[in-house]
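All residue numbers in this chain count up from 1 along the given sequence. Both ligands and their constituent atoms are indexed starting at 1 by order of listing.
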Amino acid sequence: MFTKKAATQVAVIDVIARRWSGRAFDPQRGIDHQTLMALLEAARWAPSCFGDQPWRYLIWDRSANPDDWRRAFNCLSEGNQAWARHAPVLMLATADSVFTASGKANRWGQYDTGAASMSLILQATALGLMVHQMGGFDADKVRAEFQIPERFACMAMIALGYQLPENQIPEELKEREYAPRVRRPLEESFFLGRWNNGFK
Ligand SMILES: Cc1cc2nc3c(=O)[nH]c(=O)nc-3n(C[C@H](O)[C@H](O)[C@H](O)COP(=O)(O)O)c2cc1C
């Protein structure tokens with residue numbers, strides 16, 4: 001398997017270093033039900049404000065229901081469709097804007113949903129899957145197609161599957177698959193005590 005381990009400034013746990021957003025999915029290899037359940041279970045145990053669990057996910061498994069998978073796929077931007085067409089599973093992460101328990105506005109719903117997605121992705125990485133989140137999709141279209149209630153914000157679509165063996169990565173994907181993974185230096189995002197006082 002082709003890996004793009006992060007060149008971290010400091011050593012981090014392996015699964016974080018190994019997670020990356022690849023695009024070369026193996027069209028022959030679906031995700032079995034138990035594996036998919038394990039990913040959802042990881043997301044389910046994410047922390048959330050008041051324990052309200054504001055996330056809701058829609059899952060489209062091409063092997064179980066190709067028509068629904070296609071309807072979801074058709075909501076992706078053209079650029080994402082070009083590579084996501086080989087992902088056997090697509091998901092949509094949505095975030096509740098209202099606390100279930102109190103009915104009050106929940107301004108942490110999107111934050112918590114991102115945390116749940118990251119749990120799912122780390123579990124997937126640990127199990128050898130590849131995951132790629134996408135903001136490039138038509139949120140109005142997916143809402144209408146799948147009757148998503150207004151109070152849930154459509155945050156990201158997610159492509160999941162297994163990576164193609166390296167010798168089968170298509171020519172048109174090679175440049176992006178091999179592009180180095182980059183981040184701002186740590187001290188430009190993390191401040192000690194005062195704004196802009198980079199943590200070193
Ligand atoms: C909310 C969100 C939206 C994204 N949207 C897209 C997208 O529409 N298309 C795409 O190819 N990648 C998308 N990405 C992937 C990012 O480009 C990628 O995570 C980033 O470049 C860092 O690379 P890495 O995940 O491999 O570390 C998105 C990621 C996130 C978290």
Side-chain angles (χ1 to χ4, degrees), residues 1-27 39 42-43 46 48 54-60 69 72-97 107-143 145 148 152-164 166 169-186 188-190:
M1 190 173 173
F2 163 53
T3 55
K4 283 221 303 194
K5 218 167 164 171
T8 57
Q9 287 176 236
V10 180
V12 298
I13 56 172
D14 191 59
V15 74
I16 288 179
R18 281 195 299 107
R19 181 217 61 81
W20 70 289
S21 304
R23 293 182 175 84
F25 286 98
D26 187 341
L39 308 189
S48 59
W55 49 80
R56 302 287 187 280
Y57 288 86
L58 265 166
I59 299 139
W60 299 283
W69 183 96
F73 175 79
N74 286 340
C75 296
L76 294 174
S77 68
E78 263 181 44
N80 286 331
Q81 284 184 348
W83 52 267
R85 68 183 194 278
H86 293 314
V89 172
L90 293 172
M91 291 180 64
L92 172 70
T94 77
D96 202 347
S97 58
R107 75 179 186 86
W108 299 276
Q110 300 185 3
Y111 183 86
D112 295 344
T113 299
S117 293
M118 192 59 183
S119 288
L120 180 152
I121 291 167
L122 292 178
Q123 178 75 29
T125 306
L127 296 177
L129 284 95
M130 191 167 76
V131 182
H132 200 129
Q133 301 177 88
M134 295 166 285
F137 69 98
D138 186 332
D140 294 334
K141 187 170 176 179
V142 77
R143 184 184 296 288
E145 280 283 338
I148 298 165
F152 289 87
C154 297
M155 301 310 303
M157 290 190 65
I158 309 173
L160 304 99
Y162 292 91
Q163 192 186 34
L164 270 175
E166 189 173 359
I169 295 177
E171 222 31 67
E172 68 273 15
L173 285 183
K174 275 190 178 155
E175 193 182 329
R176 282 185 293 180
E177 294 305 81
Y178 287 108
R181 297 183 57 214
V182 286
R183 290 297 188 272
R184 278 195 299 272
L186 207 140
E188 289 181 20
S189 300
F190 303 91

Do the two ring centres, one from F2 and one from W20, sit under 6.0 Å apart? yes
Determine, using ring centers only, whether H132 and W83 are less than 6.0 Å apart. yes
For Y57 and S117, which I'm curious about, is there any donor-acceptor pair between the side chains at under 3.5 Å? yes
Side chains of R184 and S189: any donor to acceptor distance under 3.5 Å? yes
Using 4.0 Å as the upper bound for N to carboxylate O, is an ion pair formed by R143 and D138? no
Salt-bridge contact E171-K174 (side-chain N to carboxylate O under 4.0 Å): yes
Ligand-protein N/O pairs under 3.5 Å (ligand 1):
residue  : atom   : partner : partner atom : Å
ligand 1 : 5 (N)  : G135    : N            : 2.7
ligand 1 : 8 (O)  : N80     : ND2          : 2.9
ligand 1 : 8 (O)  : G135    : N            : 3.2
ligand 1 : 8 (O)  : G136    : N            : 2.9
ligand 1 : 9 (N)  : N80     : OD1          : 2.8
ligand 1 : 11 (O) : R23     : NE           : 3.4
ligand 1 : 11 (O) : R23     : NH2          : 2.7
ligand 1 : 11 (O) : H132    : NE2          : 3.3
ligand 1 : 12 (N) : H132    : NE2          : 2.8
ligand 1 : 14 (N) : Q133    : O            : 3.1
ligand 1 : 19 (O) : S21     : OG           : 3.3
ligand 1 : 25 (O) : R19     : NH1          : 2.9
ligand 1 : 25 (O) : R19     : NH2          : 3.3
ligand 1 : 25 (O) : S21     : OG           : 2.5
ligand 1 : 26 (O) : S21     : N            : 2.8
ligand 1 : 27 (O) : R19     : NH2          : 2.9
ligand 1 : 27 (O) : R181    : NE           : 3.2
ligand 1 : 27 (O) : R181    : NH2          : 2.7
ligand 1 : 27 (O) : R183    : NH2          : 2.8

